[in-house]
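Remarks on the structure that follows.
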Amino acid sequence: MSQGNLIEVKGLTKEFPIGKKWFKPKGYVRAVDGLNFTIRKGETFGLVGESGCGKSTTGRLINGLIQANKGEIIFDGQNLVELSDSQWKIYRKRMQMIFQDPFASLSPRMKIKDIVMEPLVVHYPKMSKGEKLDKAKKLLEVCGISKDHLNKYPHEFSGGQRQRISIARSLILNPELIIADEAVSALDVSIQSQVLNLLVDLQEEFNLTYLFISHDLSVVEHISNRIGVMYLGDLVEVADKDQLFKDPKHPYTQSLLSSIPQPGQQEREKVILKGEVPSASNPPSGCKFHTRCPLAMDICKKDIPKNIHVDDNQIVACHLYN
Ligand code: SF4
């Protein structure tokens, strides 16, 4: 399946200004705080965490929708953070995003054939209309939308069908990487699994690599080969999916896993967290999780835990493993 890394993220940092005083920001929120991880060619890397933990910001940084303050994003040997706007045009073709709300990302005034063809119009202006239409038709069909519907508008489709149209559009430029940001979160559970199965089939057929971002660990479990768990802008654990579910090491991962049922398996002991997620504008010192961690020690308040390789395929940032 995977042959080397497609993406290497090193020390990736993004701050957003907050408030204003005399035309200057009052402060900054560090949404992404020095992330390090890799995505291997041909795999699905799931990025999971509570709302506001920085996972969507990470996806948008990789796709160039926003600029990093610090760090590197190496895509197939090229640091994307250094690209000029014109260089980005080449790389943007190689990676596409699918968003949570297909209705918002599909223009309501365009027929679906034009929506799917549009990236070709932008990137291949010399391609004939017939060829563009042909490609759009084929991809829509692969994604489960009949060619009889080409002249319909987005509002004439269900939520699941609209997400299939978004997926067809995301494939039209033959990308290598798809960043799916909460791509099935707005769908009913039965439709979710149909769309997830479609993504798995497309990965095989088109040799795709996925960064799959979701707050829902059971959805991430369904589709991922490896999983990164984020908390307040940091990755606290990265592991192969099976390893993570069998033996989660970080207390935060343990608490997330204890809240999802595992059919046919012994129920996990519930790990109840104290309090709410702290504000990213004023994160706790040391381990950012110490204010909620049931196993916190004195050192956790002072020292930032390092990434520890507890196994070949499992990295955890926690003082318990020093
Ligand atoms: Fe809990 Fe300390 Fe580990 Fe942080 S470093 S997860 S506070 S035990």
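What you see below is based on every heavy atom in this structure, not just the backbone, and it leaves out hydrogens, waters and symmetry mates. Counting starts at 1 for both ligands and their atoms, following the listed order.
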Run the numbers on H250 and F289 for ring pair (Phe, Tyr, Trp, His ring centres under 6.0 Å), then give the verdict. CA-CA 10 Å; H250 196 281; F289 188 56; 5.7 Å; yes
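Taking 4.0 Å as the cut-off between side-chain N and carboxylate O, K138 and D134 count as a salt-bridged pair. Note on D33 versus R30: salt bridge recorded, some NZ/NE/NH1/NH2 to OD/OE distance being below 4.0 Å. Comment: E43 engages R226 in a salt bridge, judged by a side-chain N to carboxylate O separation of less than 4.0 angstrom.
Evaluation of the salt bridge (Lys or Arg N to Asp or Glu O under 4.0 Å) test over residues 152-172, restricted to residues two or more places apart or in two chains, returns E118-R169.
Between the Q314 side chain and the L244 main chain, no donor and acceptor come within less than 3.5 Å of each other.
Counting only distances under 2.8 Å, and ignoring water, the protein N, O or S atoms around atom 3 (Fe) of ligand 1 are C318 SG.
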